[in-house]
Amino acid sequence: MQYRKMGTPELRVSVVGFGGWPMGGRFYGAAMDDEATSTIHAAIDYGINLFDTAAGYGFGHSEKLMGAALRGRRDEVIVVTKFGIEHDPSVQANRLDARPATVRRSCECSLRNLGMDHVDVFLHHWPDPDTPIADTMGTCKELVDEGKVRFVGVSNYTPEKMAEAAAVLPMVANQVGYHMLDRRHAERRFPACEEHGVGVMAYGSLAHGVLAGQLTADTKLDEEDWRGTGYAFGLPLFRADHLPRNLEVVHQVRSLAQQVGLELPQLALRWVIENPTVSTALVGFRNPGEVATAVAAAEADVPAAVMQAADAATRAAYERMLADELPPADLGPLRRNA
């Protein structure tokens, strides 16, 4: 396993990270509770040391599963969790809330869910337009001073908002979506991360399932599945007029992967890791076999010609979808509430 610095020499993280969103079970169907522990233990055994979850993943379910599985192995891993997405039962929807009292309450709740006395990295999940960033980060600084949080980072922050946060305390990471079919943040946010020495945690490495190779033009997504909107964080990845053409590109990438003895998801993941600004590429593992496949991808030596061909094919698809991108205020699976 390769390891890279994430914002500070104190954080050496595996280039493949364990993404805890599917474990929450909220948006991808039934949670794989029975396999969660064995999958997490397999990941540690393979050298994966970064485990990412959030309070908003299944209303704490992901944190509880991950915390239980990591007991006895806490000193082997770097635990990341997030705050800032609150569930409002009165309207059965999520809202953004990064007010100081909420940040503190969220940290305490996450520590209880995880069964830990501190988290290694505490990320602000989504910017809250109604709360000054200085107020949010001021509370995070207090939590660092109290020993409940080691480092602070952000997620889905623009360069301007990231600079506001860094004016209060150092940022170690910005977690953003990045994969072969979505390069927006590499163009818009990676340069600022490089300038400020902030590591990128890339989520959606397999294009939210498209580059996993399991979707077809006839796939019907569950009504609870956020991908059913047709959009993935503002990009029309699953929209009816784009998905069939995207799947044609997927077929091309699969053929290229086969030429070098890899599976489609392995080449897609390898492409993400090729970017040196990426500290870790998150994968939502569901079973130990998926862990083994991803680790093999991290260690693969892919000829430049193959990578360039895959890059060109998927870039064309990405640029096609940009014409139908939603405004930046779109929050993917979230619904904004007053």
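Positions are given from 1 along the sequence. Bear in mind the structure is a predicted one, so any value in this text is a computation, not a measurement.
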Nearest 0.5 Å, what's the CG-CG distance between L235 and L322? 6.0 Å
Side chain of T136, backbone of A98: donor and acceptor closer than 3.5 Å? yes
For D182 and L237, what are the C-alpha separation, side-chain angles and deciding distance, and is it a side-chain contact (heavy atoms from CB on, under 4.5 Å)? CA-CA 9 Å; D182 186 357; L237 191 63; over 6 Å; no
Strictly below 4.0 Å, N to O, side chains only: are E325 and R188 in salt-bridge contact? yes
For R74, is there an ion pair with D120 - N to carboxylate O distance below 4.0 angstrom? yes
Does the side chain of M201 reach to within under 4.5 Å of the side chain of V121, using non-hydrogen atoms? no
With a 3.5 Å distance limit and no angle check, can you tell me whether S205 reaches the backbone of L282 through a side-chain donor-acceptor pair? yes
Side-chain contact test, heavy atoms from C-beta onward, threshold under 4.5 Å: evaluate it for M1 versus V15 and give yes or no. yes
Distance, nearest 0.5 Å, that separates CE of M162 from CG of N156: 12.5 Å
Show the nearest heavy-atom pair for residues A313 and V249, with the distance to one decimal. O-CG1, 3.7 Å
Side chain to side chain, E319 and R315, heavy atoms closer than 4.5 Å: yes
Relative to the ring of H124, is the ring of Y157 parallel (under 30°), tilted (30 to 60°) or perpendicular (over 60°)? perpendicular
Would you mind writing out the side-chain donor-acceptor pairs for residues 209-217 within the sub-3.5 Å range, not counting sequence neighbours?
from, atom 1, to, atom 2, distance (Å)
T216, OG1, D218, N, 3.2
T216, OG1, T219, N, 3.4
T216, OG1, T219, OG1, 3.3

Salt bridge flag under 4.0 Å for residues R112 and E108: no
Is a donor on one side and an acceptor on the other found under 3.5 Å between the side chain of T37 and the backbone of A69? no
What's the shortest heavy-atom distance between H185 and G177, and which atoms? CD2-O, 3.0 Å
Apply side chain to side chain donor-acceptor pair (under 3.5 Å) to S62 and T53, showing your working. CA-CA 6 Å; S62 175; T53 183; 2.8 Å; yes
Looking at R4 and V278, would you say the former's side chain and the latter's main chain have a donor-acceptor pair under 3.5 Å? yes
Using 0.5 Å steps for rounding, measure from the CG atom of N113 to the CG atom of L111. 9.0 Å
List the steps, then state whether side chain to side chain donor-acceptor pair (under 3.5 Å) holds for R73 with H41. CA-CA 9 Å; R73 308 195 72 169; H41 288 177; 4.8 Å; no
In terms of heavy-atom contacts, P100 and D135 come closest through CG-O, 3.8 Å
Positive for ring-ring contact (aromatic ring centres under 6.0 Å, His included) with H208, one of Y231, F233, Y178: F233
Could you state the interatomic distance from CG (N275) to CD (E194), rounded to the nearest 0.5 Å? 7.0 Å
Show the nearest heavy-atom pair for residues I48 and F51, with the distance to one decimal. O-CE1, 3.6 Å
Taking all non-hydrogen atoms of both residues, which atom of Q175 and which atom of L123 are closest, and how far apart? NE2-CD1, 3.3 Å
SG on C107 to CD on E142, rounded to 0.5 Å: 11.5 Å
Donor-acceptor under 3.5 Å (S110 side chain, S106 main chain): yes
List the atom pairs, donor and acceptor, that lie under 3.5 Å between side-chain atoms in residues 297-311 and the rest of the protein, sequence neighbours left out.
from, atom 1, to, atom 2, distance (Å)
D311, OD1, R183, NH1, 2.9
D311, OD1, R183, NH2, 3.4
D311, OD1, W271, NE1, 3.0

Can you tell me if R104 has over 12 outside heavy atoms packed within less than 6.0 Å of its CZ? yes
Assess the residue pair L96 and I85 against the criterion (side-chain contact (heavy atoms from CB on, under 4.5 Å)); give the C-alpha distance rounded to whole Å, side-chain angles, the decisive distance to 0.1 Å, and a yes or no. CA-CA 5 Å; L96 304 178; I85 295 178; 4.3 Å; yes
Do T39 and F18 have side chains that approach each other closer than 4.5 Å (heavy atoms only, starting at C-beta)? yes
I want to check something: taking the side chain as every heavy atom from C-beta on, are E290 and T293 in contact at a cut-off of under 4.5 Å? no
NE2 (H196) and CG (N174) are apart, to the nearest 0.5 Å, by 11.0 Å
Are any of the side-chain nitrogens in K82 or D52 under 4.0 Å away from the carboxylate oxygens of its partner? yes
Would you indicate whether Y46, at its atom OH, is surrounded by more than 12 heavy atoms from other residues, nucleotides or ligands within a distance under 6.0 Å? no
Given side chains that start at C-beta, do those of C140 and V144 come closer than 4.5 Å, heavy atoms only? no
Are the aromatic rings of F83 and H125 close, with centres under 6.0 Å apart? no
Check the pair E76 / N49 against side-chain contact (heavy atoms from CB on, under 4.5 Å), numbers first and verdict last. CA-CA 7 Å; E76 300 177 58; N49 73 345; over 6 Å; no
Evaluate the side-chain contact (heavy atoms from CB on, under 4.5 Å) criterion for residues R150 and L11: first the C-alpha distance (whole Å), next the side-chain angles of each, then the deciding distance (0.1 Å), finally the verdict. CA-CA 10 Å; R150 289 181 62 207; L11 290 177; 4.3 Å; yes
Nearest atoms (heavy-atom pairs only) where V154 meets A165: CG1-CB, 4.3 Å
Test item: V103 and L143 side chains (from C-beta on) under 4.5 Å apart, heavy atoms: yes
Quick one about E63 and T81 (side-chain donor to acceptor, distance below 3.5 Å, no hydrogens or angles considered), yes or no? yes
With a 4.5 Å limit on heavy-atom distance, are the side chains of V16 and V295 in contact? no
